Amino acid sequence: MSGLQASYDDLAALITPLPGSAQGTHQPAPQLIHGDLTGNVLFSAGLPPAVIDFSPYWRPAAFGEAIVVGDALIWHGADAGLVRDLMSDRGPGFLQYVARAVVFRLVTTSERVRSQAAEQSASTAREVRRYERAASLVAGLARAV
């Protein structure tokens, strides 16, 4: 997993059963979600948004939202305030979905990095730092909950 292992370990340590998955409680219903919505919505004045490049997954709706949040943390410089705002609206359990979403992206990035040359490029080093930042933000929020 190259330089991504530490971030993966930090996130994996945070993952607990999803909200509602305890015996006798209601589990969030899975549904069809877009697993790569960020960057795949086109906007044009006077027209409704167009969703492209559909990547279907059968997951709870919160996971689809969390992927967009994770992408914002990893690639768009969002800060912990975004996650805090959503946690106040969706509940503290939403952080579990965000942790899983960042792991999802981290693992796919790790596979891409692994398939490239063994030598780490400057681009890969930047990605490692992005994941370190996202993992640190999620871990900090988990400590505060």
Side-chain angles (χ1 to χ4, degrees), residues 1-116 120 123-145:
M1 212 180 254
S2 70
L4 298 168
Q5 186 68 51
S7 294
Y8 174 83
D9 291 343
D10 291 346
L11 290 164
L14 301 174
I15 293 176
T16 61
L18 288 171
S21 62
Q23 188 174 15
T25 60
H26 174 71
Q27 260 191 295
Q31 65 179 44
L32 192 63
I33 66 163
H34 193 312
D36 193 22
L37 192 61
T38 308
N40 286 313
V41 181
L42 303 177
F43 298 94
S44 182
L47 296 173
V51 177
I52 62 170
D53 195 20
F54 187 58
S55 302
Y57 288 85
W58 190 252
R59 303 282 187 273
F63 186 67
E65 292 176 294
I67 290 172
V68 174
V69 171
D71 288 351
L73 295 174
I74 298 162
W75 292 302
H76 299 286
D79 62 22
L82 171 66
V83 183
R84 273 194 297 274
D85 288 348
L86 284 164
M87 287 170 59
S88 71
D89 185 56
R90 309 284 192 285
F94 184 70
L95 187 60
Q96 282 297 311
Y97 290 101
V98 174
R100 284 168 169 76
V102 175
V103 166
F104 168 69
R105 290 294 195 219
L106 187 149
V107 170
T108 56
T109 296
S110 174
E111 287 302 302
R112 182 182 48 77
V113 168
R114 187 181 62 79
S115 69
Q116 293 174 343
Q120 195 175 53
S123 172
T124 301
R126 280 191 301 276
E127 285 201 60
V128 167
R129 285 192 301 276
R130 286 184 187 124
Y131 283 102
E132 288 170 345
R133 179 183 172 276
S136 176
L137 288 170
V138 173
L141 288 165
R143 285 189 296 275
V145 174

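Only a predicted model underlies this, so the values are computations on that prediction, with no experimental measurement involved.
Closest approach of A142 to L14, counting heavy atoms only: CB-CD2, 3.7 Å. Summarising the geometry of S7 relative to L106, their closest heavy-atom pair is CB-CD1, 3.7 Å, with the distance given to 0.1 Å. Of all heavy-atom pairs between L32 and P56, the closest is CD1-CB, 3.7 Å. Shortest non-hydrogen contact noted between L37 and H34 is N-ND1, 3.3 Å. Annotation for F104 and G35: closest pair CE2-O, 3.8 Å, computed over non-hydrogen atoms. Residues A134 and L73 approach most closely at CB-CB, 4.2 Å, considering heavy atoms.
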>> The test is side chain to side chain donor-acceptor pair (under 3.5 Å); show your working for Y131 and T109 and say whether it passes.
In response: CA-CA 10 Å; Y131 283 102; T109 296; 2.7 Å; yes
> After noting the C-alpha distance and the side-chain angles of I67 and D71, does the key distance pass the side chain to side chain contact (heavy atoms under 4.5 Å, CB included) rule?
Replying inline: CA-CA 6 Å; I67 290 172; D71 288 351; 3.9 Å; yes
>> Using the rule given for side chain to side chain contact (heavy atoms under 4.5 Å, CB included), can you reason through V145 versus M87, listing the C-alpha separation, both sets of side-chain angles and the distance that settles it, and then say yes or no?
In response: CA-CA 10 Å; V145 174; M87 287 170 59; 3.4 Å; yes
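Sorted by first and then second residue, the side-chain hydrogen bond (donor to acceptor under 3.5 Å, both in side chains) pairs with a member in residues 74-93 read E65-R90; sequence neighbours excluded. The salt bridge (charged side-chain N to carboxylate O under 4.0 Å, His left out) pairs that include a residue from residues 132-145 number zero, where partners must be two or more places apart or lie in different chains. Within the structure, salt bridge (charged side-chain N to carboxylate O under 4.0 Å, His left out) pairs that include any residue of residues 30-42 comprise D36-R105 (at least two apart or interchain).
For I52, the side-chain contact (heavy atoms from CB on, under 4.5 Å) partners are N40, L42, not counting sequence neighbours. Partners of R129 by side chain to side chain donor-acceptor pair (under 3.5 Å), not counting sequence neighbours: none found. Shown here are the side-chain contact (heavy atoms from CB on, under 4.5 Å) partners of P49, two or more places apart in sequence or in another chain: V41, F43.
Side-chain contact between L137 and V83 is absent, with no heavy-atom pair separated by less than 4.5 Å. Residues V98 and L141 form no side-chain contact, since every pair of their non-hydrogen atoms from C-beta on lies 4.5 Å or further apart. Looking at P28 and L18, their side chains never come closer than 4.5 Å, going by heavy atoms from C-beta outward. S55 has its side chain within reach of Y57: a pair of non-hydrogen atoms, C-beta onward, lies under 4.5 Å apart. Counting only heavy atoms from C-beta outward, the side chains of Y97 and P60 approach each other to under 4.5 Å. F94 places a side-chain heavy atom less than 4.5 Å from the side chain of V69.
Remark: side-chain polar atoms of Q96 are not paired, donor with acceptor, to backbone N or O of P17 under 3.5 angstrom.
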